[in-house]
**Q** 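The structure is given below, and queries will be raised subsequently.
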There are 2 protein chains.
Amino acid sequence: MAGLPLDRIIEDDCIAAMEALPAKSVDMIFADPPYNLQLGGDLYRPEGGRVDAVDDAWDKFDDFSTYDRFTRRWLAAARRILKDDGTIWVIGSYHNIFRVGASLQDLGFWVLNDIVWRKANPMPNFKGTRFTNAHETMIWCSKSEDARYTFNYQAMKALNEDIQMRSDWVLPICTGGERVKVDGIKAHPTQKPEALLYRVLLACTEPGAVVLDPFFGTGTTGAVAKMLGRHYIGIEREPRYIRVAKERIAKVQPMTDEAMATMQSKRAQPRIPFGALVETGMVKAGTMLTDLSRRYRAAVRADGSLSMADDKGSIHQLGARAQGAPSCNGWTFWHIENAGKLVPLDTMRQQYRAEYGTA
Amino acid sequence: MAGLPLDRIIEDDCIAAMEALPAKSVDMIFADPPYNLQLGGDLYRPEGGRVDAVDDAWDKFDDFSTYDRFTRRWLAAARRILKDDGTIWVIGSYHNIFRVGASLQDLGFWVLNDIVWRKANPMPNFKGTRFTNAHETMIWCSKSEDARYTFNYQAMKALNEDIQMRSDWVLPICTGGERVKVDGIKAHPTQKPEALLYRVLLACTEPGAVVLDPFFGTGTTGAVAKMLGRHYIGIEREPRYIRVAKERIAKVQPMTDEAMATMQSKRAQPRIPFGALVETGMVKAGTMLTDLSRRYRAAVRADGSLSMADDKGSIHQLGARAQGAPSCNGWTFWHIENAGKLVPLDTMRQQYRAEYGTA
DNA sequence: TGGTCCCCTGAATCTAGGG
DNA sequence: CCCCTAGATTCAGGGGACC
């Protein structure tokens, strides 16, 4: 994408900066916006220490509506620069996440999931007045209902030991060596753990994608993007955060391409028609196929179609009709009997791919 | 409280019914409003079954603004009848919870916590298109910032093996004998588990308190209230649900201490996926693994899968395939070489648990 | 009686690409 | 735009049948 300030940090207000970028130019947006506002119109972050010092006189509704206006403005600017098939992530807590979620929906974003980051080691509730606030919420949206967004399902499944990834993620908070400090004091009050961004970027982008973070802070998004071979664009108002972020990102080593590889979706593999297996003699015409429970039997015909009683059709069609199901994956449904064992057609397909190449 | 229809179900629209009740008369409100799901066509499971979705007329709204008007009206009516020191709980999913949360705040409610119900056994995502929608969200509010609400901190701590109760609760969904059925068919599509209401009522009410549920359904709130010695007021429009709820509640025996003990939730057994070690940087992508005899070597990839020659898969799958065994515990099979010594992955897992906790 | 296996089900915004 | 077809896609728990 020409003209994009890739792998750089823009020092500016995020709304102005986004308005200066070309439309439909970034693949993903990750945003960790400020969560509350005070009388002066300045926005503070949750652990900023001034949260309890609210003036009693302020009008809640008025306050929320100011926050809502701010939220809609930056979300609208984000929407403009997001590609039509891109997605946006916004993280927040109960203080702001409902406003953010409603605004996202009002602007036409389509919620795909709300993700709960369940903190493995949260701050306890010292006063014993509420439940320990042990999670934050992320909202993941596409730009519209029918957008074809990126979701690396198999990579997420692999990351979770072959069980599909759930909407609740247990991850530790950012501590120890990962926590960026300046003169021994944490550089930013709400630095997010890299593991969180790691999962987000791995789930929803491909290597080389452009990820924008309008509230860049100390640059966790940039650090993880660089590590994973994605491009970042950071926007941050505060020079002191930018300074820290630059230093931090400079130290990051990108992964090798090999390490960066993930489990691929089967949809991405080239299509093999069943007929190709018949043509090459890997499956002989006349072979009888059966399902795993040996309930149904069908014969392979010379053109790669099947016949079962008077019915004829593709491996998928006949599998579906046999079961009375709306659809069926014939590759996994039908089996060939070999020395008393049932081998799925899918295994033959893998052999075909190995033998004749995948192209 | 004179004039309150205690331990009864009002057959009416909830807004009208609440408007007919005296102001500031109930101690707690638990509400499970329609979620405004926006479902497309039928959804089929991989094995061919059809998902029995929520398609009831009561969940249909024209658009967000219609839903918002409905939400504000019933919340305003609820606010009027709630005692000044009472609290309200509303449960929802990402479809509606942001609208609900924003409306609560706009009406002056003060959010105390958002509570995540992490479902132990959610319905999977059958098409591999998103993260498994494995939780629902409850918002817990007092009527104002300075209200002196009830929170039984010690009871919650006791329920959680003497550790502060967190904002994320792991509970199974409502199935088995608890699921109310009529002629073998579920009486209500969205019946909530009693364990959920048990925790809510135990946390935020005293015995004898009055708990109102404006979307009573098949009466889980009433059943648990009776069990725990609280009063309930149910409001429900549909006579068929009321009939079921009455029968159900009639059978409830107020609980003995012994029975209470069995209601206490088991702590979820933590499972650490290998991917978690990669995400947190404890095991870097690109690391080479080997078995104790150094016969096999595999590389760690970004998503926690391994690659060995052309083969890819989980630590368990690749361990099994390497040895030609039907299964393999990858945690003990694979090792990392560290200063000439081989450390099993299992040791890394123990370190992870020690560092980040297991819960 | 016990173990094994199969079946059923749960608030779901649930496909992709070519003609 | 619609229509059609290939084919990718599920976890945990409870209950009942069967050996």
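Residue numbers begin at 1 in each chain, while the letters A, B, ... track the order of the sequences. Just so it is clear, the values below take in all heavy atoms, side chains as well, and ignore hydrogens, waters and symmetry mates.
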**Q** Give the ring-plane orientation class for B:Trp89 versus B:Trp140, where under 30° counts as parallel, over 60° as perpendicular and anything between as tilted.
**A** parallel
**Q** Short question: side chain of B:Gln38, backbone of B:Asn36 - any donor-acceptor pair under 3.5 Å?
**A** yes
**Q** Contact class for B:Asp59 (heavy atom, under 4.0 Å): base, sugar-phosphate, or nothing?
**A** base
**Q** May I have the distance from A:Gln317 (atom CD) to D:dC4 (atom C1'), rounded to whole angstrom?
**A** 10 Å
**Q** Would you measure the distance from the C1' atom in C:dT1 across to the matching atom in D:dG16 and give it in whole Å?
**A** 16 Å
**Q** Name the nucleic acid region contacted by B:Trp117, choosing base, sugar-phosphate or nothing; use a 4.0 angstrom heavy-atom cut-off, strictly under.
**A** nothing
**Q** Within this structure, what is the CZ-CZ distance for the pair B:Arg118 and A:Arg118, rounded to the nearest 0.5 Å?
**A** 4.5 Å
**Q** Using a cut-off of 4.0 Å on non-hydrogen atoms, how would the nucleic acid contact of B:Ser93 be classed: base, sugar-phosphate, or nothing?
**A** nothing
**Q** I'd like to know if the side chain of A:Arg294 pairs up with that of A:Thr290 as donor and acceptor (distance under 3.5 Å, no hydrogens or angles considered).
**A** no
**Q** Charged N to carboxylate O below 4.0 Å: is that the case for A:Arg297 and A:Asp291?
**A** no
**Q** Side-chain N or O of A:Ser314 versus OP1/OP2 of D:dA6: is the shortest distance under 4.0 Å?
**A** yes
**Q** Base, sugar-phosphate alone, or nothing: which one does B:Gly41 contact when heavy atoms must sit under 4.0 Å apart?
**A** base
**Q** Quick check on DNA chain C: between B:His95 and B:Asp52, whose nearest nucleotide comes earlier from the 5' end?
**A** B:Asp52
**Q** Starting at the 5' end of nucleotides 9-19 of chain D, put B wherever the base has a protein heavy atom under 4.0 Å, S where only the sugar-phosphate does, and a dash everywhere else.
**A** BBBSSSS----
**Q** Look at all strands and tell whether B:Arg50 reaches a base, only sugar-phosphate, or nothing, counting heavy atoms closer than 4.0 Å.
**A** nothing
**Q** Considering only the C1' atoms, how many Å lie between D:dG15 and C:dA11, rounded to the nearest integer?
**A** 23 Å
**Q** From CD of A:Gln350 over to P of D:dG7, roughly how many Å is that when rounded to an integer?
**A** 14 Å
**Q** Say you pick atom C1' in C:dT9 and the same atom in D:dT10; how far apart are they, in whole Å?
**A** 12 Å
**Q** Using a heavy-atom cut-off of under 4.0 Å over every strand shown, decide if A:Asp146 touches base, sugar-phosphate, or nothing.
**A** nothing
**Q** Which glycosidic conformation, syn or anti, is assigned to C:dT4 if syn requires a torsion within 90° of zero?
**A** anti
**Q** So where does chain B start and stop touching DNA chain C, 5' to 3', when the test is distance under 4.0 Å to a non-hydrogen atom?
**A** C:dT9 to C:dT15
**Q** Please set out all donor-acceptor pairs under 3.5 angstrom arising from side-chain atoms of residues 175-184 of chain B, sequence neighbours excluded.
**A**
from, atom 1, to, atom 2, distance (Å)
B:Glu178, OE2, B:Glu194, N, 2.6
B:Arg179, NH1, B:Cys174, O, 3.4
B:Arg179, NH2, B:His188, O, 2.7
B:Arg179, NH2, B:Pro189, O, 3.1

**Q** Compare side-chain N and O positions of A:His316 against OP1 and OP2 of D:dG7 and report whether any pair is under 4.0 Å apart.
**A** yes
**Q** How would you label the contact of B:Pro33 with the nucleic acid (heavy atoms, under 4.0 Å): base, sugar-phosphate, or nothing?
**A** base
**Q** Is the ring pair B:Phe70/B:Phe61 parallel, tilted or perpendicular, if the boundaries are 30 and 60 degrees?
**A** tilted
**Q** Should the heavy atoms of other residues, nucleotides or ligands under 6.0 Å from CZ of B:Arg237 be counted, would the total exceed 12?
**A** no
**Q** Under 3.5 Å for both distances, Watson-Crick or G-U wobble, that's the pair rule; now give the dot-bracket for DNA chain C, with | marking pairs to another strand and [ ] for crossing ones.
**A** .|||||||||....|||||
**Q** Could you note down all residue pairs passing salt bridge (charged side-chain N to carboxylate O under 4.0 Å, His left out) where residues 306-327 of chain A supplies at least one of them, sequence neighbours left out?
**A** A:Asp311-A:Arg321
**Q** Under the side-chain hydrogen bond (donor to acceptor under 3.5 Å, both in side chains) test, which residues partner A:Arg199, sequence neighbours left out?
**A** B:Glu279
**Q** One pair to check against salt bridge (charged side-chain N to carboxylate O under 4.0 Å, His left out): A:Asp85 and A:Lys83. What are the steps and the verdict?
**A** CA-CA 5 Å; A:Asp85 289 339; A:Lys83 287 184 188 170; over 6 Å; no
**Q** Can you tell me how far P in C:dG18 sits from the matching atom in D:dA8, rounded to whole Å?
**A** 15 Å
**Q** Could you go through the side chain to side chain donor-acceptor pair (under 3.5 Å) check for B:His316 and A:Asp162 one step at a time?
**A** CA-CA 10 Å; B:His316 310 298; A:Asp162 264 354; over 6 Å; no
**Q** Go nucleotide by nucleotide along DNA chain C from the 5' end; which of A:Tyr149 and A:Gln105 gets its closest nucleotide reached first?
**A** A:Gln105
**Q** Got a second to check how far B:Met138's CE is from B:Phe30's CZ, nearest 0.5 Å?
**A** 6.0 Å
